[in-house]
Amino acid sequence: MNSVKQRMPRLLDWLDEREPDVVCLQETKLADDAFTTLLGKELAGRAYETALYGEVQWNGVALLSKVGIEDVVTGVAGAPGFPNPEARAVAATCGGIRIHSLYVPNGRAPDSDHYVYKLAWLKALRDVVAAGPAEQIVCGDMNIAPADADVFDPAAFVGSTHVTAPEREALAALLATGLHDVVRDRWPTERVFSYWDYRAGMFHQDLGMRIDLVLASDPVAERVKAAWIDRKARKGTGPSDHAPVIIDLDVAPDGDIGPVVPPPSNPRGARKRTTKLPQNR
DNA sequence: ATGTCATCCCCAGGATGA
């Protein structure tokens with residue numbers, strides 16, 4: 001978001017355009033009471049329930065769901081703070097899937113305390129996910145480019161965070177709990193970015209990074225019908241510096257993911273679904 | 001490739017974070 005307050009009109013338009021069942025937000029930069037004051041009515045009017053974990057000034061994550069939002073947990077058990085806990089993780093079970101909305105610490109520079117913090121935080125996250133249920137989605141601003149193909153020029157990132165071996169190993173350890181990078185799996189050889197610096201016309205030259213990931217466990221990954229980055233949402237006036245990552249899931253064999261109570265206006269109780277095609281340009 | 005955009009302080013623009 002880079003401030004949900006600054007992004008509110010674009011967020012609401014985007015929700016109305018895409019109609020996602022579940023939304024994971026990062027960098028809301030808003031305390032929970034201020035979030036509710038700002039967006040509570042707008043979200044409730046769109047049938048979203050919320051799980052919030054914010055701060056006054058920095059960080060901040062949220063989950064919005066139309067398919068239930070149960071067993072909310074804020075933070076990552078066992079993760080360090082800097083030095084105090086930061087609002088970087090919220091998890092809940094939505095439509096039968098354990099969903100984690102994450103804002104991984106940036107790391108700043110490989111020789112910094114922030115980098116040590118980032119790696120320790122990721123290790124704690126891995127342990128939480130490893131202890132989680134079979135159906136999980138771990139997503140958000142991971143602040144790691146999984147491979148050199150996920151940055152516009154690997155040479156430009158030598159010595160920087162987001163691409164170092166220890167960060168990629170921490171991500172690999174997270175994936176080794178049984179998760180799939182569903183966007184890369186769908187677009188194995190495409191140039192696919194989710195973040196472009198505001199400066200120097202980087203977006204318009206498509207000089208970006210793919211650091212916003214959706215990682216899905218086996219039974220969830222098997223249901224992925226579309227996985228793409230909504231590059232259009234980065235265009236125009238007043239965007240965030242990140243673009244949303246969108247995943248469409250088929251209904252589960254047991255019927256999970258769908259309204260907990262079918263909308264009364266729909267007598268068949270069946271939810272119309274469309275598969276969104278990639279729109280990466 | 002550091003050119004922007006956001007936060008805070010609290011009214012002017014510097015410090016900080018990404």
Side-chain angles (χ1 to χ4, degrees), chain A residues 1-14 24-39 52-62 79-89 101-122 125 139-146 148-164 167 170-171 191 193-213 229 231 233-245:
Chain A
M1 299 309 297
N2 189 17
S3 169
V4 79
K5 193 185 291 182
Q6 296 301 319
R7 227 58 65 202
M8 184 170 67
R10 291 183 64 115
L11 171 62
L12 294 175
D13 286 351
W14 184 84
C24 298
L25 304 176
Q26 299 86 35
E27 266 197 288
T28 57
K29 296 187 175 181
L30 211 53
D32 295 346
D33 55 351
F35 187 109
T36 300
T37 300
L38 185 71
L39 277 164
L52 307 176
Y53 185 28
E55 296 174 17
V56 170
Q57 183 173 6
W58 305 118
N59 308 313
V61 287
F82 197 85
N84 301 311
E86 297 184 308
R88 295 181 175 277
S101 176
L102 306 174
Y103 178 41
V104 173
N106 177 285
R108 296 199 190 179
D111 60 355
S112 69
D113 295 347
H114 295 269
Y115 182 86
V116 174
Y117 167 49
K118 180 181 194 173
L119 293 179
W121 196 94
L122 286 164
L125 173 65
C139 68
D141 180 355
M142 305 302 290
N143 271 319
I144 300 171
D148 282 353
D150 296 309
V151 299
F152 66 86
D153 178 9
F157 288 88
V158 171
S160 301
T161 55
H162 298 57
V163 300
T164 68
E167 289 166 280
L171 180 61
R191 181 182 176 94
F193 298 141
S194 66
Y195 163 85
W196 300 261
D197 196 296
Y198 282 122
R199 294 169 287 192
M202 299 284 271
F203 176 68
H204 296 99
Q205 300 168 76
D206 199 28
L207 302 180
M209 309 172 74
R210 192 175 69 93
I211 56 176
D212 301 276
L213 309 178
I229 295 173
R231 193 173 189 278
R234 180 62 173 76
K235 297 182 178 181
T237 305
S240 168
D241 41 1
H242 297 252
V245 185

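Each chain gets a letter, A, B and so on, in the order the sequences are listed, and its residues count up from 1. Quick caveat, the model's predicted, so the values are computed rather than measured.
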- Task: Please determine if Asp241(A) and Arg234(A) form a salt bridge, counting it only when a charged side-chain N lies under 4.0 Å from a carboxylate O.
- Result: no

- Task: Compute the centroid of each ring, for Phe82(A) and then for His114(A), and state whether the two points are separated by less than 6.0 Å.
- Result: yes

- Whole angstrom is fine here: how far is it from OH in Tyr195(A) over to C1' in dC5(B)? 10 Å

- Task: In whole angstrom, give the distance that lies between atom CE of Met209(A) and atom C1' of dA1(B).
- Result: 13 Å

- Distance between the C1' atoms of dA15(B) and dC10(B), in whole angstroms? 14 Å

- Message: If I take atom NE2 in residue His162(A) and atom P in nucleotide dA18(B), what distance separates them, rounded to the nearest angstrom?
- Response: 9 Å

- Using the C1' atom in both, what is the distance from dA12(B) to dT7(B), to the nearest Å? 16 Å

- Query: Is the cationic atom of Arg88(A) (NZ for Lys, CZ for Arg) positioned less than 6.0 Å from the six-membered ring centroid of Tyr103(A) and within 45 degrees of its normal?
  - Reply: yes

- Item | Nearest-Å distance once atom P is located in both dA1(B) and dA18(B) | 23 Å

- Message: Rounding to an integer number of Å, can you tell me how far Asp206(A) CG sits from dA1(B) P?
- Response: 17 Å

- Specify the separation, in whole Å, of atom CD of Glu27(A) and atom P of dT7(B). 11 Å

- Roughly, in whole Å, what's the span from CD in Gln26(A) to P in dA18(B)? 15 Å

- Query: Given Glu86(A) and Tyr53(A), is the side chain to side chain donor-acceptor pair (under 3.5 Å) satisfied, shown in steps?
  - Reply: CA-CA 9 Å; Glu86(A) 297 184 308; Tyr53(A) 185 28; over 6 Å; no

- Atom OH of Tyr198(A) and atom P of dG3(B) are separated, to the nearest Å, by 17 Å

- Starting at atom NE2 of His204(A), determine the distance to atom P of dG3(B), rounded to an integer number of angstrom. 19 Å

- For DNA chain B, whose closest nucleotide is more 5', that of Gly238(A) or that of Leu207(A)? Leu207(A)

Mind listing the N/O atom pairs, protein and nucleotides 15-17 of chain B, below 3.5 Å?
residue: dG17(B); atom: OP2; partner: Arg108(A); partner atom: NH1; Å: 3.3
residue: dG17(B); atom: O5'; partner: Arg108(A); partner atom: NH2; Å: 3.2

- Minimum-distance pair of heavy atoms, taken over all atoms of Ile211(A) and His162(A): CG2-CD2, 4.1 Å

- Item | Within residues 4-14 of chain A, residues whose heavy atoms come under 4.0 Å of DNA chain B | Gln6(A), Arg7(A)

- Are side-chain heavy atoms of Thr161(A) and Asn143(A) found at a separation under 4.5 Å? no

- Query: Tell me, do Val104(A) and Gln26(A) make a side-chain contact under 4.5 Å, heavy atoms counted?
  - Reply: no

- Task: Report the relative orientation of the aromatic rings in Tyr195(A) and His242(A); use parallel for angles under 30°, tilted for 30 to 60°, perpendicular for over 60°.
- Result: tilted

- When the aromatic ring centroids of Phe157(A) and Phe152(A) are compared, is their separation below 6.0 Å? yes

